[in-house]
Amino acid sequence: MSRTLEGKVALVTGASRGLGKAIAELLAEHGAKVVVNYASSPGRAEEVVSAIKANGGEALAVQADVGRVSEIERLFRETLDAYGRIDILINNAGIMITKPLADITEEDYDRQFAINTKGTFFAIQQAAKHMGSGGRIINFSTSVTGQMFPTYSAYTGSKGAVEQFSRQLAKELGPKGISINTVAPGPINTELFTAGKTPEQIASVGSGNSFGRLAETEDISKVVLFLAGPDSGWVTGQTIRVNGGFI
Ligand code: NAP
């Protein structure tokens, strides 16, 4: 295992399960010290930390709701207090509210955008303040931003803004030596995608790519590892669809 992230500190939001967990474990395997952020699953976050430590890595679980700017600021303070620096920010925390237009409430809309959009924006702001040259910011969108899916309007709206943040901020952060990119996966085998769906629905949507199977978290985390590492220095301002040819 090459330890390309030795000496680096990574903050992964929403790392108690799903994709964030896979990313946190992979970055730690490659030598990064990892802050495992979560909102409401302390037990699962501690399991991720224990798995990383059992594998010889270093990690710390920090609770913070990224939908609140004051909590994002505390999350960065606790990261800096623990490890003294931050090199990699993975803005992975997200929720998906899918409803027909008529059923979306103001509360749904505010929650969708607070976590996915505001959380990402203000975490980028904190990262830009504290990262040095070589810093990496990786945000999350979805391949559905390129499609027309009923019930996905609020979710894809919240992610479309994230794609623009990466594009527009690349030239503000470039002079500091910081790159910023967005990964836009297709369906992945996590609770966000599988919850509330029948096995038939999961199989039908999940196999709508070139390879005929649902993506696993490792299919995406490997691309994140590349973007977080030393070989991606010339990639910035991009939205990278990692979806097996889903779109
Ligand atoms: P998931 O399995 O539902 O996990 C979501 C993670 O986000 C959990 O760790 C959760 O923490 C955390 N989280 C939720 N609200 C939070 C908040 N307010 N503050 C901090 N953390 C919070 O989701 P996933 O599938 O891994 O998705 C990860 C990212 O990929 C999301 O941005 C999602 O939009 C994107 N994505 C997913 C898919 C897919 O098919 N799964 C496809 C395209 C894009 P708790 O456990 O504490 O609640």
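Both counts, for ligands and for their atoms, begin at 1 and track the order of listing. Sequence positions, counted from 1, serve as the residue numbers for this chain.
- Of the options F140, F193, Y155, the smallest heavy-atom separation from atom 33 (C) of ligand 1 is shown by Y155.
- Taking any N or O of T142, backbone or side chain, none lies under 3.5 Å from an N or O belonging to ligand 1.
- For atom 16 (C) of ligand 1, the nearest non-hydrogen atom from the set A39, A24, G119 belongs to A39.
- Using cut-offs of 30° and 60° for the angle between ring planes, the H130 and F76 rings count as parallel.
- A salt bridge links K99 with D108; the closest basic N to acidic carboxylate O contact falls under 4.0 Å.
- Checked against a 3.5 angstrom limit, the closest N/O atoms of I188 and ligand 1 fall inside it.
- Short contacts between ligand 1 and A15, defined as distances under 4.0 Å to a heavy atom of the residue, involve ligand atoms 9 (O).
- The ligand atoms of ligand 1 that sit less than 4.0 angstrom from a heavy atom of G18 are 2 (O), 26 (O).
- The N/O atoms of P187, backbone and side chain alike, include none that comes under 3.5 Å of an N/O atom in ligand 1.
- In terms of polar-atom proximity, Y38 is not counted as a contact of ligand 1, lacking any N or O under 3.5 Å from an N or O of the ligand.
- At least one heavy atom of A64 sits closer than 4.0 Å to an atom of ligand 1.
- Checked by atom type, the side-chain pair S166/T182 shows a donor-acceptor distance below 3.5 Å.
- For ligand 1, the polar-atom distance check finds an N/O of V66 within less than 3.5 Å of one of the ligand's N/O atoms.
- Using cut-offs of 30° and 60° on the angle between ring planes, the pair Y109 and F113 is parallel.
- Considering backbone and side-chain atoms together, L19 places an N or O closer than 3.5 Å to an N or O of ligand 1.
- Within ligand 1, counting atoms from 1 as listed, the ones closer than 4.0 Å to a heavy atom of D65 are 17 (C), 18 (N), 19 (N).
- Note on ligand 1: K159 sits in its first shell, one or more heavy atoms being nearer than 4.0 Å.
- In the candidate list S41, G67, A215, S41 is nearest to atom 45 (P) of ligand 1, counting heavy atoms.
- In the vicinity of S141, heavy-atom distances shorter than 4.0 Å reach the ligand 1 atoms 43 (C), 44 (C).
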